[in-house]
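Just follow the structure's listing: the first ligand is 1, and inside any ligand the first atom is 1.
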Amino acid sequence: MTEKIAIVGGSSGIGEALVKFHIENSLPVIVFTHDPDRVRQNTEANQTLVEVVPLDLQQPLQIEPSLKNALSGESKITRAYIVSGIGDLEENLAPTQISDTLSINCDGLAKAAYIFANYFIQKGSGHLIGITSVASLRGSSAAPLYNASKAYQRILLEGLRCRMRQKHPSVSVTEIRPGFVDTAMMKADKPFWVVSPEKAASQIINIVEAKKEVAYVSRRWRLIGMLLQSLPRWLYSRIG
Ligand SMILES: NC(=O)c1ccc[n+]([C@@H]2O[C@H](COP(=O)([O-])OP(=O)(O)OC[C@H]3O[C@@H](n4cnc5c(N)ncnc54)[C@H](OP(=O)(O)O)[C@@H]3O)[C@@H](O)[C@H]2O)c1
């Protein structure tokens, strides 16, 4: 049985770099994507190592059948990265933005995480990896929805990790908190400590190999994480 790494959200940015890293190391991947043409184009030279499964996280009824169908195939998935995410600056607090963000970042991640968690439990082992953000730690005046959705992801992954520790210790859960990564997602005015998606991907692989529970990319973002968590509310509300 072929072992494969699953990547949910692999057409661009960090997900694309993760796909590239694996195929460059001859590791077969199964990529769940809302842009299958782009993934096929990106991986043209290594088609035999890449299985592409169309999956639009904004179509809630599609998620379960699409993932379960792929997981019932011949291959054994040993790791699943859930990378997909959207986020925008919110100038107008437009209610129309809410459902898109929640469907991908919250509903989409939760459904995918549950399906992979159950799959790993049934197989007796596996590693689930979610990409959250340093933004998950506090609210944001510029992007309240994005930070709230990332906080949801962080807490959900923590809950799943506790669950696996207590009931299924052979299943691991890792949460990756990137700072700024140079992708379409990065929308800050003055980004700092920016890393390329390729560097982020290689750091993520090292973190996962080491089976860390929670880690920052790059590592020094841990300092910002500690600072964010320690700032009192009265001060944070003026700068956050
Ligand atoms: N860049 C940063 O500074 C940064 C910082 C902290 C956290 N993150 C997190 O890292 C993850 C990857 O983001 P990225 O930086 O690599 O940005 P990106 O290039 O914009 O990638 C976002 C991914 O989300 C997936 N996606 C699913 N549905 C989508 C939709 N309707 N519209 C657009 N994309 C959709 C896409 O994969 P498919 O097309 O394959 O479905 C796409 O590859 C996200 O969860 C993000 O929140 C990024």
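- Here the options are Leu18, Leu49, Asn42, the test is side-chain contact (heavy atoms from CB on, under 4.5 Å), and the partner is Ile23; only Leu49 passes.
- Remark: distances from the non-hydrogen atoms of Leu57 to ligand 1 are all 4.0 Å or more.
- Among all protein heavy atoms, the one lying closest to atom 40 (O) of ligand 1 is Thr33 OG1, 2.6 Å.
- Under the 4.0 angstrom criterion for non-hydrogen atoms, Gly10 is in contact with ligand 1.
- Within the structure, ligand 1 lacks Ala200 among the residues with a heavy atom less than 4.0 angstrom away.
- Between the Thr132 side chain and the Ile176 main chain, a donor and an acceptor come within less than 3.5 Å of each other.
- The shortest N or O to N or O distance between Ala184 and ligand 1 is not under 3.5 Å.
- Distances between N or O atoms of Ser12 and those of ligand 1 include at least one value under 3.5 Å.
- No N or O atom of Pro178 sits closer than 3.5 Å to an N or O atom of ligand 1.
- Below 3.5 Å of separation, one finds no N or O of Asp56 facing any N or O of ligand 1.
- Checking Ile86, Thr101, Ile104 one by one against Ser149, the side-chain contact (heavy atoms from CB on, under 4.5 Å) holds for a single residue, Thr101.
- Without hydrogens or angle criteria, Lys150 side chain to Arg177 main chain gives no donor-acceptor distance under 3.5 Å.
- Classification of Glu209 and Arg79 as a salt-bridged pair holds, one side-chain N sitting under 4.0 Å from a carboxylate O.
- Ligand 1 has no atom lying under 4.0 Å from any heavy atom of Asp100.
- Distances from ligand 1 to the non-hydrogen atoms of Arg38 include no value under 4.0 Å.
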